[in-house]
**Q** 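Got a structure here, written out as structure tokens. Questions coming.
Naming convention: chains lettered A, B, ... in sequence-line order (proteins, then strands); numbering from 1 in each chain. On a predicted model such as this, the values are computed, not experimentally measured, just so you know. Computed over heavy atoms, backbone and side chain alike; hydrogens, waters and symmetry mates excluded.
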Amino acid sequence: MSRNREVADRLEEIARMLEILGENRFKVIAHEKAARAIADLPQDVADLDAKQLEAIDGVGAKIAAKIVQYANTGDMTEHAELRAKVPEGLFELMNLPGLGPKTVSLLWKDKHITDLAGLKRIIDDGSIMDLPRMGAKTVQNIKDAIEFNASAGARLPLGVAMPVAEAIVERIRKVEGVKKIAFAGSLRRGKETIGDIDILCAASDPDAARDAFTRQPEVIKVLAAGESKSSVRFSLSSLRLADLGGDAAAVQVDLRLVPEASWGAAMLYFTGSKEHNVRLRERAQKNGWTLNEYGLYPESDDPTPPQHRGAKAIAGKTEEQVFEQFGLPFIPPEIREDRDELSLKTTPRLIELDDIKSELHAHTTASDGRLSIDELATLAHARNFHTIAVTDHSRSSFQANGLDEDRLRAHIKRVRAARVKGIAILTGSEVDILPDGTLDYDDDLLAELDVVVASPHASLSQDPKKATARLLKAIEHPLVHILGHPTGRLLPARKGLEPAMPELIAAAKEHNVALEINAHWKRLDLRDTHVRQAVEAGCLIAIDCDVHRAEHFDNLRYGVLTGRRGWLPPEQCINTWSKARLHAWLKEKRAS
DNA sequence: GCCGTTTTCGGCCCGACTGTTTTCAGTCG
């Protein structure tokens, strides 16, 4: 199994420890950058030699040697040496918002604080105030941070953050003088989880917008309220907490007030990713320009920022304008991750919500769904889909009221008899892939179905080798069309299977099986990086909602965002195909 | 520690806000 995550974690920890020790900050950045590069690598880092490692952007001779050592021995000398010097508890202190390396280092050196308990102790006895630059407000902020961290901490799933952001945007949009407002950040990029919500606003009366923002009833604490940036802690307690998949009770929301003329530069800047922005700035420098959130300006020796000395921007009103100055096409937000997008010559045609014309993974009351066959088909038709597949659970998913063979045969008859004008209703099953890779029904029954989605549901912590063999066996099965939620992960808690993804992708391509992006925001499985690998390999992708209730159709946009993050073009997604093409493809697996 | 169409040294993205200070350090994104 890929050891990329382990290696990346160690490099990341080295960076944190160097930071606490006050080492050269560029050395810190170098380790962070290398960690990210390794985490994003499609192939297993342990399979690469030093030369191949050094070919990775951000990895030089020294870091390559550390990785090779780790791959061979399971140790990383520098990491171990630093860990001997730096107490482990300092990591949790660094994670507190507002506490950085300087303060943590000071706490450690001056007050011998090595963990959260120690920090709480010197806050309580007041001795923390002995430290330089430590006043009553700073101490209160640290106390708040500790409390916030305990109650929330975790990142918010995309499907929870998106409706919250949209609600805030619509609320502030109504404020007098607001001209433009939109969310940016990782939310706009469609990341599977969100650290905080960034909202941009251009207004003729910025004070009114800021006040409306900071005075929302859900605001627990105003963290900052300056000229251009306000930041609040926003309560989520009005949401169904059970749906949050954790105990995230609040989220940080930032409002950035920007001049209308800088809208494009600001959207670019606050959409990120950070790494994408750094690349753009480097490119600006090479061209003799400087890029900030106000615009793209000619470089100057004047230390005053260009926007303050009235310099005329080369570009900045729209994102398109800025990209154009760089000789770049418009880069869709979802792929701004510094993963080769700045080499693009034209804007790639990525999949869009309107491209989707079918739903091939849906449940009815026959198993654990809430909808009848007719209701399901009617809802699908209302979305302008030409096809809906009824794929209830198979017998081993007893917790989901899976159908045994007799019930499935009866169900097939009902599905075939169902008629909703304007939409084709297909018979199918979401058949369990048992731990050994065999399917939950016999082949003669599977052959009667129009659509077979094979998914893992149980034994989701089996070891990677077994998981790979299990899923490969399902992909190689001649009657399987779609591999459903391939890893079975659940955000944020359940890791799911960790199969060798390149092997699955190669097999799926060979056997003409589509890999599913399950659009539910708790799944998003395949995940973005896997989608990218599958797309590059020429593998087919399905984006399905795994519908159990009417509102699950609304999750489609999260699946599409994940597809876009994986650079998925519409033609590679079977749900975009015409009815004739899709049905012909489904039948291919029934012909032989 | 990494990198190079100014290439083996000398750079390395840029600005806002807070809380502490009396001009700025630390943190964040």
Side-chain angles (χ1 to χ4, degrees), chain A residues 11 14-15 18-19 22-37 53-67 78 93-107 129 131-142 144-145 184-187 189 194-200 210 221-232 252-258 262 265-266 268-297 299 303-308 338:
Chain A
L11 292 175
I14 288 176
L18 292 173
E19 216 175 11
E23 292 272 349
N24 180 306
R25 67 190 181 96
F26 295 110
K27 191 170 164 181
V28 173
I29 291 169
H31 280 89
E32 285 172 345
K33 197 175 167 187
R36 208 185 98 88
L53 288 166
E54 282 184 56
I56 300 167
D57 195 21
V59 178
K62 297 223 176 119
I63 291 183
K66 291 174 205 176
I67 297 171
E78 188 184 3
L93 299 187
M94 285 280 282
N95 284 336
L96 291 171
L99 279 197
K102 297 281 169 59
T103 314
V104 169
S105 179
L106 207 59
L107 284 164
M129 303 281 285
L131 294 172
R133 307 188 62 83
M134 193 62 73
K137 283 193 174 172
T138 303
V139 173
Q140 187 57 47
N141 284 338
I142 295 173
D144 286 349
S186 49
L187 192 57
R189 302 203 311 280
I194 304 303
D196 57 15
I197 295 173
D198 289 301
I199 296 174
L200 257 62
R210 177 176 45 241
K221 180 177 168 115
V222 178
L223 301 164
E227 280 281 301
S228 66
K229 176 189 168 179
S230 305
S231 192
V232 302
Q252 184 172 322
V253 187
D254 294 345
L255 181 75
R256 316 274 179 166
L257 292 158
V258 303
S262 299
L268 203 56
Y269 183 86
F270 290 111
T271 297
S273 67
K274 197 176 162 210
E275 293 78 9
H276 173 88
N277 287 345
V278 167
R279 289 282 182 216
L280 276 185
R281 278 154 194 255
E282 284 171 0
R283 199 174 276 219
Q285 279 202 320
K286 282 182 189 142
N287 285 311
W289 306 325
T290 175
L291 176 65
N292 62 25
E293 57 264 54
Y294 296 96
L296 183 65
Y297 298 91
E299 209 161 72
T304 313
Q307 67 275 13
H308 291 316
D338 187 23

**Q** In whole angstrom, give me the gap between the P atoms of B:dT21 and B:dG26.
**A** 13 Å

**Q** So, for A:N277 and A:G272, which heavy atoms are closest and what is the spacing to 0.1 Å?
**A**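 Closest approach of A:N277 to A:G272: ND2-CA, 3.6 Å.
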
**Q** Take atom P in B:dC2 and the same atom in B:dT6, then report the distance between them in whole Å.
**A**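 23 Å, rounded to whole Å.
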
**Q** Rounded to whole angstroms, how far apart are CG on A:L106 and P on B:dG19?
**A** 18 Å

**Q** Need one value for A:P101: base, sugar-phosphate or nothing, where a base atom within 4.0 Å counts as base even if backbone is also close, heavy atoms only.
**A** sugar-phosphate

**Q** With the side chain counted from C-beta on, respond yes when A:Q252 and A:S231 share a heavy-atom pair under 4.5 Å apart, and no when they do not.
**A** yes

**Q** Report yes if at least one side-chain N or O of A:N292 is closer than 4.0 Å to OP1 or OP2 of B:dC13; otherwise report no.
**A** no

**Q** Quickly work out the A:N141 CG to B:dC28 C1' distance and round it to whole Å.
**A**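 My rounded result for the distance is 13 Å.
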
**Q** A:L99 near the nucleic acid: base, sugar-phosphate alone, or nothing, with a heavy-atom cut-off under 4.0 Å?
**A** sugar-phosphate

**Q** Using a cut-off of strictly less than 4.0 Å, decide whether A:K274 has a side-chain nitrogen or oxygen near OP1 or OP2 of B:dG29.
**A** no

**Q** In whole Å, I'd like the distance from the CD1 atom of A:I29 to the P atom of B:dC3.
**A** 14 Å

**Q** Among B:dT18, B:dG1, B:dC12, which nucleotide sits nearest the side chain of A:K66?
**A**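 The listed nucleotide nearest to A:K66's side chain is B:dG1.
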
**Q** Between A:E19 and A:R25, does the salt bridge (charged side-chain N to carboxylate O under 4.0 Å, His left out) criterion hold? Intermediate values first, please.
**A** CA-CA 7 Å; A:E19 216 175 11; A:R25 67 190 181 96; over 6 Å; no

**Q** So A:S231, base contact, sugar-phosphate only, or nothing? Heavy-atom distance under 4.0 Å.
**A** nothing

**Q** A:V28 near the nucleic acid: base, sugar-phosphate alone, or nothing, with a heavy-atom cut-off under 4.0 Å?
**A**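 No contact at all - A:V28 keeps every heavy atom at 4.0 Å or more from the nucleic acid.
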
**Q** Could you check if a side-chain atom of A:T138 sits within less than 4.5 angstrom of a side-chain atom of A:R133, using non-hydrogen atoms only?
**A**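 No, their side chains stay 4.5 Å or more apart.
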
**Q** Using the C1' atom as the point on both nucleotides, what is the distance between B:dT7 and B:dC12, in whole Å?
**A**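 Nearest-Å result for B:dC12 against B:dT7 at atom C1': 15 Å.
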
**Q** In whole Å, what is the span from the CZ atom of A:R256 to the C1' atom of B:dC28?
**A**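 So the CZ-C1' distance, A:R256 to B:dC28, works out to 8 Å.
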
**Q** Please give, in whole Å, the distance from B:dG19 P to A:I142 CD1?
**A** 12 Å

**Q** Distance check needed: B:dG1 P versus A:E23 CD, whole Å only.
**A**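 It is 8 Å, rounded to the nearest whole Å.
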
**Q** Please give the nucleotide sitting opposite B:dC17 as a Watson-Crick or G-U wobble pair, both distances under 3.5 Å, or none.
**A** B:dG26

**Q** If you measure from the C1' atom in B:dT18 to the same atom in B:dT23, how many Å do you get, rounded?
**A** 15 Å

**Q** Taking any heavy-atom pair under 4.0 Å as a contact, classify A:K229: base, sugar-phosphate, or nothing.
**A** sugar-phosphate

**Q** Assign A:L280 to base, sugar-phosphate, or nothing according to its heavy-atom contacts below 4.0 angstrom with the strands shown.
**A** nothing

**Q** Closer than 4.0 Å, any side-chain N/O of A:T138 to the OP1 or OP2 of B:dT20?
**A**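 True: A:T138 side-chain N/O within range (under 4.0 Å) of B:dT20 OP1/OP2.
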
**Q** Using the P atom as the point on both nucleotides, what is the distance between B:dC13 and B:dC3, in whole Å?
**A**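 Rounded to whole Å, the distance is 14 Å.
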
**Q** I'd like to check A:E78 versus A:H31 (side-chain heavy atoms, cut-off strictly below 4.5 Å). Are they in contact?
**A** yes

**Q** Tell me which of A:E227 and A:E299 sits closer to the 5' end of DNA chain B, going by the nucleotide each one is nearest to.
**A**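 That would be A:E299.
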
**Q** Send over the distance from A:K102 NZ to B:dG19 C1', rounded to a whole Å.
**A**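 Distance, rounded to whole Å: 16 Å.
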
**Q** In terms of heavy-atom contacts, does NZ of A:K221 have more than 12 from other residues, nucleotides or ligands at under 6.0 Å?
**A**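 Yes, because the 6.0 Å sphere around NZ of A:K221 holds more than 12 heavy atoms from other groups.
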
**Q** Categorize A:A284 for me: base, sugar-phosphate, or nothing, with a 4.0 angstrom heavy-atom threshold over every strand shown.
**A** nothing

**Q** Measure the shortest side-chain to side-chain distance between A:L280 and A:L268 over non-hydrogen atoms and say whether it is less than 4.5 angstrom.
**A**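 Sidechains of A:L268 and A:L280: in contact.
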
**Q** Give the rounded distance in Å between these two atoms: CZ of A:R283 and P of B:dC14.
**A**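 The distance from CZ of A:R283 to P of B:dC14 comes to 16 Å, rounded to the nearest Å.
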
**Q** Heavy atoms only, 4.0 Å cut-off, all strands: where does A:D196 land among base, sugar-phosphate and nothing?
**A**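 Touches sugar-phosphate only.
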
**Q** Is A:Y294 touching bases, backbone alone, or none of the nucleic acid, heavy atoms closer than 4.0 Å?
**A**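 Here A:Y294 touches the backbone only, sparing every base.
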
**Q** Please confirm whether the shortest side-chain N or O distance from A:T290 to OP1 or OP2 of B:dC13 is below 4.0 Å.
**A** no

**Q** With a 4.0 Å cut-off on heavy atoms, is A:A225 in touch with a base, just the backbone sugar-phosphate, or nothing at all?
**A** sugar-phosphate

**Q** When rounded to the nearest Å, what value does the distance between P atoms of B:dT27 and B:dT20 take?
**A**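 It works out to 14 Å between them.
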
**Q** Quantified in whole Å, what is the C1' atom distance between nucleotide B:dA16 and nucleotide B:dT5?
**A** 35 Å

